[in-house]
Amino acid sequence: MGRGLLLVLSGPSGVGKGTVRKHIFDHYNNDFDYSISMTTRDKREGEVEGQDYYFRSREAFEQLIESGGLLEYAEYVGNYYGTPLEYVNETLEAGRDVFLEIEVQGALKVRNKMPEAIFIFLSPPNLGELENRITGRGTDSSDMIKKRMKKAVDELKLIQYYDYVVENDDVDKAAQKIRHIIESEHLKVSRNLGAYTKIIEEMN
Ligand code: ADP
Ligand code: 5GP
């Protein structure tokens, strides 16, 4: 059994990463596990500790940065967000895939540390629709919406660092495309060479 694949879903805030990720986990039997992130932002209505995020103080988060306990982290519109390293490593070592849903700066850090990961950029149909979605979510002040939109334009410029781009026009279609990408990655010859080399050796 080989090491699992690290799957990174990223893209601008409000594009629908959380919605598409939940859809994938709620509607399909997946062979991968979701890495729950840590954040210093306040809990939104309906969010559950240890399910949506690990909600922590800035002090606790900074301690974890110091001790090297995060695979990546980013400060995003005033709060920290990060990926606990231990869970990712243990799950990959056990041969299972790990799915990260993170913003763009963090995804680029993962790309530097683990270039073998699969990077998928979720894109909005257009910027007007992105603003509608952030506004429609009803969780951000108008000042925060402006900040998130400004950031989104910078983030779109980084699309070149990704392996795949999936437009989120329809949640189910985007989810299906992401599942197809993951399935194709598993079929790559380079990932299966070990097993076939063994068969050939046995036949010789
Ligand atoms: P992100 O996790 O990228 O910040 P969310 O998943 O919170 O984004 O989605 C932002 C808003 O857009 C939510 O209100 C969500 O219901 C809506 N949304 C997500 N995907 C779509 C879609 N394909 N079409 C229309 N609205 C969507
Ligand atoms: P939100 O406040 O809307 O839940 O998240 C804000 C942004 O942070 C989203 O783009 C979300 O994908 C991203 N995010 C969530 N978890 C992490 C993480 O562990 N690391 C990084 N870098 N970004 C994250």
Side-chain angles (χ1 to χ4, degrees), residues 5-24 32 34-41 44 52-53 61 65 70-85 88 97-182 184-185 188:
L5 295 182
L6 184 60
L7 315 160
V8 183
L9 179 67
S10 189
S13 173
V15 69
K17 297 183 296 298
T19 307
V20 171
R21 181 254 302 168
K22 282 200 187 100
H23 190 87
I24 293 174
F32 42 85
Y34 175 59
S35 158
I36 297 161
S37 295
M38 194 169 283
T39 185
T40 59
R41 86 150 159 71
R44 291 180 187 144
D52 296 286
Y53 282 107
F61 198 104
I65 297 173
L70 296 172
L71 167 62
E72 62 72 36
Y73 71 93
E75 194 151 13
Y76 183 83
V77 290
N79 284 298
Y80 283 127
Y81 295 82
T83 304
L85 179 62
V88 171
D97 296 350
V98 179
F99 190 99
L100 304 186
E101 179 233 302
I102 62 178
E103 55 72 64
V104 172
Q105 291 307 318
L108 293 184
K109 288 188 195 162
V110 178
R111 200 183 145 95
N112 285 333
K113 281 192 183 168
M114 298 173 87
E116 71 281 12
I118 315 304
F119 295 88
I120 305 172
F121 190 94
L122 196 64
S123 76
N126 54 63
L127 282 177
E129 173 62 16
L130 181 65
E131 188 161 358
N132 288 343
R133 287 185 191 173
I134 300 177
T135 310
R137 187 167 61 184
T139 52
D140 294 288
S141 63
S142 61
D143 183 46
M144 192 65 113
I145 293 169
K146 271 191 204 129
K147 281 189 190 161
R148 287 188 188 243
M149 283 305 295
K150 193 171 173 295
K151 207 157 174 86
V153 175
D154 293 337
E155 288 170 340
L156 281 167
K157 293 179 193 156
L158 299 169
I159 203 163
Q160 57 185 307
Y161 297 109
Y162 287 76
D163 300 306
Y164 298 94
V165 57
V166 170
E167 187 179 302
N168 179 23
D169 46 354
D170 174 88
V171 175
D172 191 51
K173 275 192 205 147
Q176 282 188 39
K177 283 181 193 162
I178 291 168
R179 281 185 45 95
H180 285 151
I181 290 169
I182 298 167
S184 314
E185 283 290 336
K188 275 192 171 165

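These numbers come from the heavy atoms of this one structure, side chains and all, not from hydrogens, waters or symmetry mates. Being a predicted model, the structure only gives us computed values, none of them experimental. Counting from 1, the numbers follow the sequence of the chain as shown.
The OH atom of Y76 sits 4.5 Å away from atom CZ of R148, with the distance rounded to the nearest 0.5 Å.
Within the structure, salt bridge (Lys or Arg N to Asp or Glu O under 4.0 Å) contacts touching residues 108-130 (residues at least two apart or in different chains) are E129-R133.
Side-chain contact check for I134 versus I145: some heavy-atom pair is nearer than 4.5 Å. Side-chain contact between S37 and Y81 is absent, with no heavy-atom pair separated by less than 4.5 Å.
Residues R41 and T39 bring no donor and acceptor atom of their side chains to less than 3.5 Å of each other. In this structure, a donor-acceptor pair under 3.5 Å is present between the side chains of Q176 and D172. Using modelled atom types and a 3.5 Å distance limit, the side chains of E72 and T83 yield a donor-acceptor pair.
Here K17 does not pair with E101 in a salt bridge; the nearest charged N to carboxylate O distance is not below 4.0 Å.
A cation-pi arrangement is not found for R21 relative to F99, the charged atom failing to lie both closer than 6.0 Å to the ring centre and inside a 45° cone about the ring normal.
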Donor-acceptor contacts, no H, no angles, side chain residues 154-164, under 3.5 Å, sequence neighbours left out:
{"residue": "Y162", "atom": "OH", "partner": "S10", "partner atom": "OG", "Å": "3.3"}
{"residue": "D163", "atom": "OD2", "partner": "F119", "partner atom": "N", "Å": "2.8"}
{"residue": "Y164", "atom": "OH", "partner": "E185", "partner atom": "OE2", "Å": "2.6"}

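Proximity of a side-chain donor or acceptor of S35 to a complementary backbone N or O of L100 within less than 3.5 Å is not detected.
Taking both residues in full, the closest heavy atoms of L70 and G82 are given as CD2-C, 4.2 Å, listed atom of the first, atom of the second, then distance.
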